[in-house]
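Given the structure is predicted, the values throughout are model-derived calculations rather than measurements. Quick note on labels: first sequence line is chain A, next is B, and so on, each numbered from 1.
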Number of protein chains: 2
Amino acid sequence: MSKPASPARAVTIHDVAAAAGVSKSTVSLVLQGSTLIRDETAERVREAARKLGYVYNRRAAELRSNSSRTIGVVINDLMNPFFAEVLVGLERKLVDAGYIVFMAHTSEDLRRQEQVLATMREQNIAGIALCPVLGTPQALLKTVKSWGIPLVVMVRPLGTSAYDYAGSDNEGGVALATAHLIARGHRHIAFLGGRRGPVFEQRLAGYKRALADAGIAFDEARVFAADPTREGAHDCTLAMLDSHAEVTAAACYNDLVAFGALSALGERGLRPGKDFAVMGFDNVLAAAHSNPPLSTVDVRPGALGEAAAALLLHRISAPGSAPSRYIATPHLVLRQSA
Amino acid sequence: MSKPASPARAVTIHDVAAAAGVSKSTVSLVLQGSTLIRDETAERVREAARKLGYVYNRRAAELRSNSSRTIGVVINDLMNPFFAEVLVGLERKLVDAGYIVFMAHTSEDLRRQEQVLATMREQNIAGIALCPVLGTPQALLKTVKSWGIPLVVMVRPLGTSAYDYAGSDNEGGVALATAHLIARGHRHIAFLGGRRGPVFEQRLAGYKRALADAGIAFDEARVFAADPTREGAHDCTLAMLDSHAEVTAAACYNDLVAFGALSALGERGLRPGKDFAVMGFDNVLAAAHSNPPLSTVDVRPGALGEAAAALLLHRISAPGSAPSRYIATPHLVLRQSA
DNA sequence: ACATTATTTTGGAACGATCCAATAATGCTT
DNA sequence: AAGCATTATTGGATCGTTCCAAAATAATGT
């Protein structure tokens with residue numbers, strides 16, 4: 001009785017106009033908060049809208065005005081809390097700015113990345129924040145540019161040309177971590193975890209630099225590449241412990257790797273921070289309460305996400321401006337593991 | 001010279017039609033993969049589209065056809081890896097089904113939740129997957145239903161009426177964990193972490209049931225509510241250790257809490273699994289390589305996300321069908337912490 | 001070859017908003 | 001009270017697609 005059949009036509013701006021006794025243009029203006037309309041009229045319109053249960057159809061609006069308040073965010077590894085924290089910062093800033101985010105997860109799969117980018121393009125989004133999967137061709141920058149969609153690249157650099165980028169000082173950060181290990185008296189230090197790629201090279205460079213600064217010879221055999229996951233790092237650490245008994249400390253590719261190392265050490269009855277020192281990288285939330293709490297280098301993941309959002313928003317509002325970058329300054333945070 | 005001024009009007013179905021020498025209707029049909037069009041013609045159209053760099057305007061299409069391939073996902077705490085894993089499973093399944101996801105993060109803020117739901121409504125989405133913030137009124141179910149938007153609730157129940165829901169057997173799971181602790185000979189067992197709410201009550205009930213089954217008296221003083229974060233749990237564990245020296249084991253609200261406990265134990269020089277037993281809940285990825293590896297109850301977070309997606313997709317394709325639920329069966333996974 | 005049926009193709013009217021130029025109502029001067 | 005600037009309001013045209021009923025073309029049977 002009371003409820004009408006469900007496929008009732010949606011109430012539109014037209015209906016509101018009729019109910020309020022004005023034209024649809026007036027309603028449109030009111031909805032946009034225009035000051036052109038007399039307050040009294042505007043109130044009448046809003047009242048009618050409320051009464052009719054009108055809901056704004058942003059899709060229609062955006063089609064006509066050829067604008068968009070949605071931003072695509074593509075993340076490659078949400079299982080890594082670092083990226084989760086970046087995403088949270090990014091999302092918060094974007095919705096505060098009145099945007100809504102399309103989120104896609106690539107799982108380090110290039111094909112999926114291409115697919116989601118294409119899909120997002122069809123959606124006529126206002127911008128893209130991309131953390132490129134390993135092996136993304138540099139040409140992607142040009143491609144997206146040719147689409148006319150503002151883009152900010154996060155975390156992983158993508159070639160040497162100029163583009164908006166939010167990342168951290170990887171070399172400086174790992175240099176800091178390694179130097180700290182050296183200062184604590186360690187001489188046989190491993191570089192642990194991570195897969196070759198731009199970020200890996202930067203961090204490795206920091207490790208090398210710190211060694212060089214201390215006059216310690218770099219030994220290729222002490223760099224242990226492995227999947228930057230807890231599991232990969234755990235297994236790799238175990239192997240390292242067996243084959244390189246002389247190493248007493250590790251500068252890790254990131255916190256995840258460090259956690260894996262912590263686990264492996266515990267398994268061998270070694271006390272991290274006492275029997276073996278481990279330094280992380282990122283300072284994810286979890287680092288403060290691992291067992292033991294992790295010494296690491298802080299790059300403020302959440303702030304990095306916010307910075308990426310800011311860069312993108314700026315690019316959207318000023319498309320012609322020169323590309324800029326946010327490089328997080330790393331800070332040592334010393335806890336118990338080193 | 002070669003490049004036209006940037007605000008060049010987008011190439012539309014019209015332009016493609018002209019280039020291919022057919023009508024726009026034909027192009028539309030081809031784009032939808034209709035079998036009505038002769039192969040030869042279709043190929044000609046596709047070729048023209050390619051050549052012109054045509055990009056489908058899904059927004060326009062969806063406006064006309066009043067359909068939608070986007071789904072809103074609202075998550076309350078991405079910092080908790082459990083939710084990140086749920087999200088990944090959910091997202092994967094949804095994009096495989098041809099959807100794209102609007103992601104919003106509420107940070108347990110009711111106002112923000114209302115805001116993002118309203119925004120999503122304006123976007124004319126096909127469905128919503130919601131993990132409600134603590135304190136969400138049950139009425140939200142009715143509200144969303146009145147909007148005509150399919151909804152699946154995740155993780156946290158929302159009242160007693162029938163609705164699509166994906167969660168886990170909280171009571172059974174914690175009962176399992178607690179029973180295991182008892183089997184190991186523990187008699188003074190704490191229930192650690194979490195904030196009062198439906199999930200908390202269910203898990204606490206499991207704890208009580210296991211105690212009762214073993215003929216152990218329940219003692220209210222042994223339940224320690226605290227923010228279900230590493231930090232909250234860490235502090236809470238420390239306090240518990242001081243005030244309740246007799247307890248030798250803890251059934252934790254979730255893995256995050258367990259990790260906090262691990263950290264606190266380490267700080268006190270206690271060896272988890274030897275000096276004090278801790279059981280987690282969820283079995284997030286990190287549990288396999290914590291220090292020590294965490295004994296916990298597995299509810300397969302990723303699968304839970306996928307199940308939520310399946311429920312939602314089903315509801316979308318069969319709006320009238322009876323509400324159904326996915327309740328993950330918990331399985332004990334024993335590692336080193338208990 | 002012709003009627004009949006099946007296959008392809010098509011033009012205009014939607015979808016629900018915004019834009020813009022034009023009109024109506026109001027306020028201010030003198 | 002008329003003239004003029006300001007302020008409010010409005011009707012179409014439009015965004016890029018899909019829908020639908022009808023038209024054109026091809027295939028079939030006799």
Distance-only donor-acceptor test, A:S23 side-chain atoms vs D:dG11 base atoms, 3.5 Å: no
Under-3.5 Å donor-acceptor pair between B:R64 side chain and D:dT17 base: no
Residue that, paired with A:M103, satisfies side-chain contact (heavy atoms from CB on, under 4.5 Å) out of B:L87, B:V73, B:I100: B:L87
Single hit among B:I75, B:D77, B:N76 for side-chain contact (heavy atoms from CB on, under 4.5 Å) with B:T106: B:N76
In whole Å, what is the span from the [atom1] atom of [X] to the [atom2] atom of [N]?
X: A:I37; N: C:dC19; atom1: CD1; atom2: C1'; result: 14 Å
X: B:Q123; N: C:dG16; atom1: CD; atom2: C1'; result: 14 Å
X: B:N57; N: D:dG16; atom1: CG; atom2: P; result: 7 Å
X: B:Y56; N: D:dC15; atom1: OH; atom2: P; result: 18 Å
X: A:D39; N: D:dT9; atom1: CG; atom2: C1'; result: 15 Å
X: B:R59; N: D:dT18; atom1: CZ; atom2: P; result: 15 Å
X: B:R69; N: D:dT18; atom1: CZ; atom2: P; result: 14 Å
X: B:K24; N: D:dC15; atom1: NZ; atom2: P; result: 13 Å

Centroid-centroid under 6.0 Å between A:F102 and B:F102 rings: yes
Pair A:S23, A:T26: side-chain N/O donor-acceptor within cut-off below 3.5 Å: yes
Between [options], which nucleotide gets closest to the side-chain atoms of [X]?
X: B:V22; options: C:dT10, C:dA17, D:dG11; answer: C:dT10
X: B:I13; options: D:dG11, D:dG16, D:dT17; answer: D:dT17
X: B:L36; options: D:dT17, C:dG12, C:dT8; answer: C:dT8

Would you classify [X] as touching base, sugar-phosphate or nothing, given that sugar-phosphate means primed atoms plus P, OP1 and OP2, and contacts are heavy atoms under 4.0 Å?
X: A:N66; result: nothing
X: A:L29; result: base
X: A:T12; result: sugar-phosphate

Verify the contact: side-chain N or O of [X] to OP1 or OP2 of [N], cut-off strictly under 4.0 Å; return yes or no.
X: A:T26; N: D:dT10; answer: yes
X: B:Q32; N: D:dT17; answer: no
X: B:S65; N: C:dC15; answer: no

side-chain hydrogen bond (donor to acceptor under 3.5 Å, both in side chains) evaluation trace for B:T136 with B:Q113: CA-CA 9 Å; B:T136 299; B:Q113 177 172 281; 3.1 Å; yes
Residue mapping more 5' on DNA chain C - nearest nucleotide basis, A:H14 or A:R38: A:H14
